[in-house]
Amino acid sequence: MQEIESLAKLITESRRIIVFTGAGVSTESGIPDFRSPGGVWTRYDPEDFTIERFVSNPDSRRAFWRMSAESGFLARAEPNPAHYAIAELDRLGRLDCVITQNIDDLHQKAGVSSEKVLELHGNMHWVVCLGCRRRSPMLDVLPGADEEAEAPVCCECQGILKPDVILFGETLPVVTLKEATRRAQMCDLFIVIGSALLVYPAAYIPTYATGAGARLAIVNLTPTPLDHEAVTLIHGKAGEVMSSVMERVRLRLAGDLS
Ligand code: NAD
C-alpha cells in the first residue's frame, strides 16, 4: 500500500517525531472509544460526567464510579501493536514524545518512558481526593460495578474521591498543555493515531505543529477535520497499519529500500 510506504519514508526522514493518540489507538486492546457504535456514549449519559454534576449529585457520582468499575478491564488491558510501534520509534531515537488524550497507561506499559508521555486528560489508574488532594491508586478504592455500590470516599478526610482524569467542564493540566504546545511547535513530523480530532483544546495541538512547519500524518478509521492537511492519510486500524509501517521503517533503516 502506497500510504504505508509513504508514512515509513516520512518517519525515516524525520528526527523529532510526535505521536498524538486518542481512544482509537486502544480499541484493539479491547477498550472501547466514546463515539463509535457500541462506544461508551451509547451506554452512559455524557451529562453525568461533568465536574459540576460529579461534585453536586451523588447519583451522577455513583454512575461515574459504576462505569469506572465496569471498565476495571483498563487495568488488565495490554498494549497492542500500535502502542508497541510507537515504543519502537522511541527505541530508534526518533520519538520526541507522545501526546495522548488517553487515560489508560498503555503507552507506558508498551515501554515508552513516563517522561515522554504527556497525558492531557489524566490517568485512570489514580484517584484524587477533592478535599485534601491526596492521590492514591485506583485499585485501592475501586467499588463494585453493581447498581447499589456507593461512591468511595477519602480514607483520610472523607472527601469526595475522583478518578484523576479530566471531566467535562474541567480545565486541562496547564503545565502539560503548555509543554505539548511547545513541543508540537518544534517537531518535524506529527503523527495522529486513533483520534477523531473533535475534542478541544487537545485537537488544536496538531495545528500548532503544522503551523510551525511540521508534516502531518493521520492514521484513523474514520475521517477527521484535519484530513485535508495531512501529507499522508491512512484510514485503517491503528495496530495493523502501524505494524506494517514499522516493518517498512526497519527495511529502510537497514538500507534495503531507498
Ligand atoms: P473518539 O472516541 O472521539 O475517537 C476515536 C477515533 O478513533 C474515532 O475517529 C474512530 O474512528 C477511531 N478508531 C477507533 N478504533 C480505531 C482503530 N482500531 N484504529 C484507528 N482508528 C480507530 O476519541 P478521542 O478523539 O480520543 O476523544 C474522546 C475522549 O475520550 C478522549 O479525550 C479520551 O480522553 C477519552 N477516552 C479515552 C480512552 C482510553 O484511554 N483508552 C477510551 C475512551 C475515551
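Both ligands and their constituent atoms are indexed starting at 1 by order of listing. Values reported hereafter were calculated over all heavy atoms of this structure, with side chains retained and with hydrogens, waters and symmetry mates removed.
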Trainee: Could you tell me whether Gly22 and ligand 1 have an N or O pair separated by under 3.5 Å?
Mentor: no
Trainee: Which atoms of ligand 1 are found less than 4.0 Å from any heavy atom of Ser26?
Mentor: 41 (N)
Trainee: Any heavy atom of Pro32 sitting closer than 4.0 Å to ligand 1?
Mentor: yes
Trainee: How many angstroms lie between OG in Ser26 and CD1 in Ile193, if you round to the nearest 0.5 Å?
Mentor: 10.5 Å
Trainee: Please confirm whether Gly239 comes under 4.0 Å of ligand 1, counting heavy atoms of the residue only.
Mentor: no
Trainee: With sequence neighbours left out, which residue pairs that include part of residues 227-236 fulfil the side-chain hydrogen bond (donor to acceptor under 3.5 Å, both in side chains) condition?
Mentor: Ser6-Thr232, Thr210-Glu229, Thr224-Asp227, Asp227-His235
Trainee: Ignoring hydrogens and angles, tell me if any N or O in the side chain of Ser29 forms a donor-acceptor pair with the backbone of Ile31 under 3.5 Å.
Mentor: no
Trainee: To the nearest 0.5 Å, what is the distance between CZ (Arg252) and OG1 (Thr12)?
Mentor: 5.0 Å
Trainee: Which pairs pass side-chain hydrogen bond (donor to acceptor under 3.5 Å, both in side chains) with one or both residues in residues 161-171, sequence neighbours excluded?
Mentor: Arg135-Asp164, Lys162-Glu170
Trainee: Look up atom CD1 in Ile218 and atom CG in Leu7, then write down how far apart they are to the nearest 0.5 Å.
Mentor: 11.5 Å
Trainee: Looking at ligand 1, does any of its N/O atoms fall within less than 3.5 Å of an N/O of Lys237?
Mentor: no
Trainee: Any salt bridge linking Arg183 with Glu179? Criterion: basic side-chain nitrogen under 4.0 Å from a carboxylate oxygen.
Mentor: yes
Trainee: Which is it for Met124 and Asp105 under the side-chain contact (heavy atoms from CB on, under 4.5 Å) test, yes or no, and what are the steps along the way?
Mentor: CA-CA 8 Å; Met124 193 66 186; Asp105 219 36; over 6 Å; no
Trainee: For ligand 1, which atoms have a heavy atom of Gly236 less than 4.0 angstrom away?
Mentor: 19 (N), 20 (C)
Trainee: Are any of the N/O atoms in Leu221 less than 3.5 Å from those in ligand 1?
Mentor: yes
Trainee: Find all atoms of ligand 1 within a distance of less than 4.0 Å from any non-hydrogen atom belonging to Glu28, and give their numbers and elements.
Mentor: 17 (C), 18 (N), 19 (N)
Trainee: Kindly identify the option in Val199, Thr100, Asp33, Thr21 whose heavy atom sits closest to atom 14 (C) of ligand 1.
Mentor: Asp33
Trainee: Any N or O on Val219 sitting closer than 3.5 Å to an N or O of ligand 1?
Mentor: no
Trainee: Distance under 4.0 Å to a non-hydrogen atom of Asn102: what atoms of ligand 1 satisfy this?
Mentor: 37 (C), 38 (C), 39 (C), 40 (O), 41 (N)
Trainee: Which of the numbered atoms in ligand 1 are below 4.0 angstrom from a heavy atom of Ile31?
Mentor: 41 (N)
Trainee: Less than 4.0 angstrom from a charged side-chain N to a carboxylate O is my criterion; do Glu247 and Arg250 meet it?
Mentor: no
Trainee: For ligand 1, which part of Asp104 has a heavy atom less than 4.0 Å away: the side chain, the backbone, both, or neither?
Mentor: both
Trainee: Numbering the atoms of ligand 1 from 1, which are under 4.0 Å from a heavy atom of Thr222?
Mentor: 8 (C), 9 (O), 10 (C), 11 (O)
Trainee: So, 4.0 Å and heavy atoms of Leu198: is ligand 1 close enough to count as a contact?
Mentor: no
Trainee: Taking everything shown except Glu52 itself, do over 12 heavy atoms lie less than 6.0 Å from its CD?
Mentor: no
